[in-house]
Amino acid sequence: MSITRTLNEFVSMRSSLDEIESQNGFSECPLPKINGDFTGKDIVSMDQFDREDVDLIMSEAFAIAGAEPRRTRGLLWDKVIASLFYEPSTRTFLSFEAAAKRLGASTISTQGVEYSSISKGESLEDTARTVERYSDLTILRQGKVGGAALAALATEKPIINAGDGVGEHPTQALLDYYTILREGNNEPESLTVTMLGDLKNGRTVHSLAKLLSKYGTRLNFVSPDELRMPESLIKQLGDDSEIGLQTSCLDEVLGESDVLYVTRVQKERFTNNDEYERLKNHFIITPEVMSRAKNDMILMHPLPRVGEITKEVDRDKRAVYFDQVENGMYLRMALLARVLGRTVIPASILGEPKGVRRR
Ligand code: NCD
C-alpha cells in the first residue's frame with residue numbers, strides 16, 4: 001500500500017489477522033476503499049468496493065473485451081507483473097498471465113511453496129517486499145485468511161489477492177458478476193442468485209455474496225448443514241442484502257433461481273477425510289435437475305469441478321462455466337490496467353456498463 005504505517009500499527013494488524021484466521025471469521029478489511037480510483041490500490045477484499053467501483057471495472061472489462069487488439073496490446077508495455085502462487089491454480093494463474101501478456105506486460109512468477117524461500121522459513125512479508133523490488137504489481141495466492149492484507153500492508157506497490165485460504169477471492173467475484181451481466185438475462189437488482197455447495201470454505205462465494213449484496217440481489221444459500229455460509233459473513237453483508245433461504249434442499253429454491261452458482265466441496269480444508277467423503281457428493285447437478293430449473297437460468301461454477309456437475313450438463317445452453325473462464329481474462333485485463341493507472345475508455349464516454357449480451 002502507498003501510505004507508510006508505523007511498526008506498532010503493523011504489529012497490531014498482524015495479531016488481529018492471526019485472530020481472524022483462528023476464528024475462521026470475517027471482519028471488515030483494513031485496507032483503503034477504492035473510492036472511484038484504482039490506481040496504485042491493493043485489491044484484497046470486496047469490502048473495499050462500493051457499487052460504483054464495481055460498475056467502473058465492469059465498464060472497463062466490457063470495453064477491453066470489445067476493443068481491437070491494437071488498442072490493448074501496448075497498454076502495459078512498460079510494466080512487470082509478478083505472480084506468487086502458494087496454493088494450486090490453473091485458471092486464476094493462467095488468466096492473469098494471459099491478461100498481462102495481452103496488455104503487453106512482462107511477467108515473472110513462482111508457483112508452489114517448495115520452489116520459494118518460504119520453504120526455507122522466509123516470512124510472507126519479506127517475500128512480498130523482495131518481489132516488489134523487481135516488479136510493478138504482485139498477484140498473490142496463499143493459504144491464510146488475511147495473508148493478502150498482511151502482504152499489502154508490508155509493501156508499497158499493489159498486491160492483488162488471488163485467494164487467501166478460506167477467506168476471499170475478489171477477482172473471481174468480479175469475473176462472476178461480469179459473467180452474470182454478460183450471459184444472464186436480468187438486472188442484478190431483480191435477480192435471485194442461489195449459491196450451492198461448500199459455502200463455509202469456498203472463498204469465491206464469500207466474495208460474490210459481498211459483491212451481490214451491494215446491488216440488493218436476492219441470495220439463497222444451499223449447503224449441507226456442516227458447510228453453511230459463515231454467520232459472521234452473513235452479519236457483515238448488512239441490511240442492504242436480501243437473504244432468501246438458507247437450506248440444505250436445492251428443490252426449495254431451484255425454480256425461482258436466475259443464477260445457480262455451484263461450488264466444489266473444498267477437500268483441502270478438511271481435517272477429517274471421512275467427513276469429506278460423506279459430504280462430497282451431497283449435490284450433483286444432472287440434466288434431470290436442470291429440467292426443473294428456469295429456461296433462462298444460468299449455471300455457473302468457478303471450476304475446478306470434481307463431480308458436482310455431470311459432463312452431460314455441458315451441452316445445456318444454460319451452462320456458462322467455460323464462458324466464465326474466458327470472461328476472467330477480460331476482467332483481469334481491466335483490473336490490471338486500472339490498478340496500474342491505464343484505461344482503454346476515453347474519459348468522455350465513461351458511464352454505465354454497456355453489456356453486449358451473447359444470448
Ligand atoms: C476456486 C478457488 O481457487 O477458490 N477456483 C478458481 O480460482 N477458479 C474454486 C475452487 O478451487 O474450488
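A quick note: this is a predicted structure, and the numbers were derived from the prediction, not measured. Read the numbers this way: they start at 1 and go in the same order the structure lists the ligands and their atoms.
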Salt bridge (charged side-chain N to carboxylate O under 4.0 Å, His left out) between Arg318 and Asp316, worked out: CA-CA 5 Å; Arg318 294 170 290 179; Asp316 192 313; 2.8 Å; yes
Criterion salt bridge (charged side-chain N to carboxylate O under 4.0 Å, His left out) on Arg278 and Glu226, from CA distance to verdict: CA-CA 11 Å; Arg278 185 168 62 76; Glu226 297 85 341; 3.2 Å; yes
Verdict with reasoning, Arg182 to Gln324, per side chain to side chain contact (heavy atoms under 4.5 Å, CB included): CA-CA 10 Å; Arg182 199 168 164 148; Gln324 249 173 294; over 6 Å; no
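A cation-pi geometry, defined here as NZ or CZ lying under 6.0 Å from the six-membered ring centre and within 45° of its normal, holds between Arg332 and Phe96.
Sorted by first then second residue, the salt bridge (Lys or Arg N to Asp or Glu O under 4.0 Å) pairs that include residues 297-312, not counting sequence neighbours, are Arg305-Asp314.
For a heavy-atom separation below 4.0 Å, the residues in contact with ligand 1 are Thr92, Arg141, His169, Gln172, Arg203, Thr204, Arg264, Gln266, Pro302, Leu303, Pro304.
Relative orientation of the Tyr276 and Phe270 rings is perpendicular, given thresholds of 30° and 60° on the angle between their planes.
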